[in-house]
Amino acid sequence: MKPDVSALYERLREKLHDIVPDAELQIKAELAHRILQLKEERNAVILGHNYMEAALFHSIPDFKGDSLELCRKAATTDKDIIVFCGVRFMAETAKILNPTKTVLVPSPKAGCSLAESITAEDVRALRAKYPGVPVVTYVNTYADVKAESDICCTSGNAAKVVESLGVDRIIFLPDEYLAKNVAKETGKRIIIPSRTPISAATQAADAASGADIEYEMIGWHGRCEVHEQFTVEDIENVRRQLPDVVVLAHPECSPEVVEASDFSGSTGAMISYVRDVKAARYLLLTECSMGDNIAAENPDREMVRLCSIRCPHMNEITMEQTLAALEQTRYVVDLDEDLRRRAERSVRRMIEIG
Ligand code: SF4
């Protein structure tokens with residue numbers, strides 16, 4: 001092994017010896033070395049989402065974090081190329097904020113069940129049904145949906161964004177569970193409209209009931225295919241075996257799961273919670289690679305995770321694909337300029353709120 005590769009391997013081994021088999025770490029160290037060299041040659045920056053697999057997460061990103069943290073980093077980079085180790089909607093957000101840069105997403109298959117649950121046409125139909133009601137859109141959507149929205153939010157700032165608008169009605173898209181959890185946190189009521197065309201009678205009934213509602217949110221039917229899998233029974237089973245476990249749930253989990261947990265927050269908030277609140281063991285109800293990544297950072301604490309639950313889209317991003325992305329300048333994220341400008345308004349408004 002070359003000295004640089006050997007140093008990388010030692011660093012990975014120190015962090016990940018309990019998580020990644022040694023033979024795999026040696027291969028990953030070679031790959032990481034080539035990626036880091038190419039990154040310098042191409043004047044690129046690599047952003048790594050918290051859900052990236054452990055060896056990638058701990059070796060190649062310049063910046064790591066949740067959607068909001070990476071959005072902020074993407075907005076300030078002076079590099080020519082941004083390689084986004086995350087899913088497509090995240091790379092699109094980087095492009096929205098950096099129109100003159102080349103933005104690459106390492107796999108064309110890195111989608112998202114939430115982003116795919118809603119189209120720009122759906123947003124226009126909701127606007128027609130609820131005229132004048134502002135649209136808050138979760139960043140886990142594609143650029144055309146962001147372009148139809150008034151403001152974006154992440155799971156970390158959703159309640160703050162909703163409250164910042166100071167109006168009585170909000171359309172909150174597309175995650176049904178996040179909307180319900182935000183409604184609960186902010187004391188709002190949520191209505192999920194029917195997917196089918198809504199009859200005049202239903203619209204009249206909605207309007208009539210709306211007259212008595214102090215504040216309401218209108219949601220959508222999208223769900224994260226990872227977080228919707230966690231159940232209250234999972235929590236009860238783990239608590240029965242490990243009574244001292246502290247349960248952390250992502251707000252894309254159902255309201256029942258969030259209610260049964262000890263803490264709910266974005267991936268960034270979960271990382272801070274584990275760092276700041278000392279407990280012997282935690283159950284992480286989120287994508288299981290993130291469990292590996294927190295475990296590597298906190299070797300003195302036990303992370304219990306339900307490891308069959310891996311996001312298939314995040315899983316598409318590998319070190320091999322990242323290397324190929326830099327070698328071949330693939331897969332380039334391009335957006336129509338008018339659409340990008342409209343989406344940028346919503347994203348920047350969110351960043352200003354923080
Ligand atoms: S974890 Fe859920 S929200 Fe995140 S990319 Fe995967 S499917 Fe989408």
Side-chain angles (χ1 to χ4, degrees), residues 4-5 8 11-12 27-112 115 139-144 146-147 152 154 289 293 311 313-341 343-344 347-348 350-351:
D4 289 356
V5 179
L8 254 170
R11 275 215 312 277
L12 282 174
I27 297 168
K28 301 282 181 175
E30 295 272 1
L31 276 167
H33 180 65
R34 286 163 63 199
I35 292 169
L36 293 173
Q37 273 182 329
L38 209 47
K39 184 182 75 150
E40 292 308 312
E41 284 167 35
R42 308 281 326 261
N43 193 30
V45 62
I46 299 180
L47 306 179
H49 189 263
N50 289 329
Y51 290 169
M52 289 296 99
E53 58 96 355
L56 183 159
F57 187 79
H58 285 93
S59 61
I60 58 169
D62 296 285
F63 300 105
K64 303 184 272 197
D66 61 21
S67 298
L68 183 59
E69 289 159 341
L70 294 178
C71 270
R72 289 202 181 107
K73 292 294 177 199
T76 57
T77 185
D78 59 356
K79 301 289 184 188
D80 298 327
I81 297 177
I82 300 170
V83 182
F84 211 119
C85 290
V87 292
R88 181 170 177 94
F89 73 77
M90 297 176 177
E92 281 192 353
T93 307
K95 183 66 182 179
I96 287 167
L97 295 169
N98 294 280
T100 60
K101 315 263 183 209
T102 300
V103 177
L104 305 178
V105 61
S107 168
K109 293 188 197 152
C112 170
V139 284
N140 298 26
T141 47
Y142 291 123
D144 57 342
K146 290 185 174 82
C152 290
T154 67
S289 274
N293 294 331
C311 171
H313 311 288
M314 294 283 183
N315 206 24
E316 288 289 335
I317 308 297
T318 61
M319 288 171 76
E320 288 82 353
Q321 292 272 44
T322 306
L323 179 63
L326 275 166
E327 283 171 344
Q328 299 167 37
T329 318
R330 76 178 197 192
Y331 296 93
V332 177
V333 176
D334 267 328
L335 296 172
D336 169 81
E337 182 53 18
D338 173 60
L339 184 145
R340 188 203 64 77
R341 274 179 205 276
E344 185 180 11
V347 175
R348 290 218 183 265
M350 169 191 76
I351 291 176

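- The main-chain N or O of Leu326 is found under 3.5 Å from a side-chain atom of Arg42 such that the two form a donor-acceptor pair.
- Ala115 approaches Phe89 most closely through the heavy-atom pair CB-CD2, 4.3 Å.
- Counting non-hydrogen atoms of other residues, nucleotides and ligands closer than 6.0 Å to NZ of Lys101 gives a total above 12.
- The CD1 atom of Ile82 sits 8.5 Å away from the CG atom of Leu97 when rounded to the nearest 0.5 Å.
- Although no hydrogens or angles enter the test, the distance criterion places no donor-acceptor pair under 3.5 Å between the side chain of Arg88 and the main chain of Ala110.
- Of all heavy-atom pairs between Ser59 and Leu8, the closest is CB-CD2, 4.5 Å.
- Listed here is the closest heavy atom pair of Val139 and Cys152: CG1-CB, 4.0 Å.
- Separation of atoms CG (Asn43) and CG (Asp78) is listed at 7.0 Å; rounding is to 0.5 Å.
- Panel note: side chain Glu92, backbone Tyr142; no donor-acceptor pair is recorded below 3.5 Å.
- With a 4.5 Å cut-off on side-chain heavy atoms, Lys64 and His58 count as touching.
- Evaluation of the salt bridge (charged side-chain N to carboxylate O under 4.0 Å, His left out) rule for Arg341 yields Glu337 as partners, not counting sequence neighbours.
- Looking only at side-chain heavy atoms (C-beta outward), Val45 and Ile81 stay at 4.5 Å or farther from each other.
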Before you tell me yes or no, could you show the steps for Glu344 and Arg340 under salt bridge (charged side-chain N to carboxylate O under 4.0 Å, His left out), namely the whole-Å CA-CA distance, both residues' side-chain angles and the distance that decides it to 0.1 Å?
CA-CA 6 Å; Glu344 185 180 11; Arg340 188 203 64 77; 3.0 Å; yes
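- Proximity of Asn293 to Tyr51: side-chain heavy atoms (C-beta onward) are nowhere separated by under 4.5 Å.
- What you find for His313 and Gly111 is that their closest heavy atoms are CB-O, 3.2 Å.
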Could you walk me through whether Val87 and Met314 pass the side chain to side chain contact (heavy atoms under 4.5 Å, CB included) test, one step at a time?
CA-CA 6 Å; Val87 292; Met314 294 283 183; 3.8 Å; yes
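- At least one side-chain heavy atom of Thr329 sits less than 4.5 Å from a side-chain heavy atom of Leu104.
- A side-chain donor-acceptor contact under 3.5 Å links Asn98 to the backbone of Ala74.
- The OG atom of Ser107 sits 12.0 Å away from the CD atom of Glu320 when rounded to the nearest 0.5 Å.
- Legend: residues meeting salt bridge (charged side-chain N to carboxylate O under 4.0 Å, His left out) with Asp338, ordered by chain and number and at least two apart, are Arg342.
- Ala325 approaches Pro106 most closely through the heavy-atom pair CB-CA, 4.1 Å.
- When all heavy atoms are compared, the tightest approach of Leu56 to Pro61 is O-CD, 3.2 Å.
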Would you give me the side-chain donor-acceptor pairs under 3.5 Å for residues 28-40, sequence neighbours excluded?
from, atom 1, to, atom 2, distance (Å)
Lys28, NZ, Glu53, OE2, 3.2
Lys39, NZ, Asp62, OD1, 2.6
Lys39, NZ, Asp62, OD2, 3.1

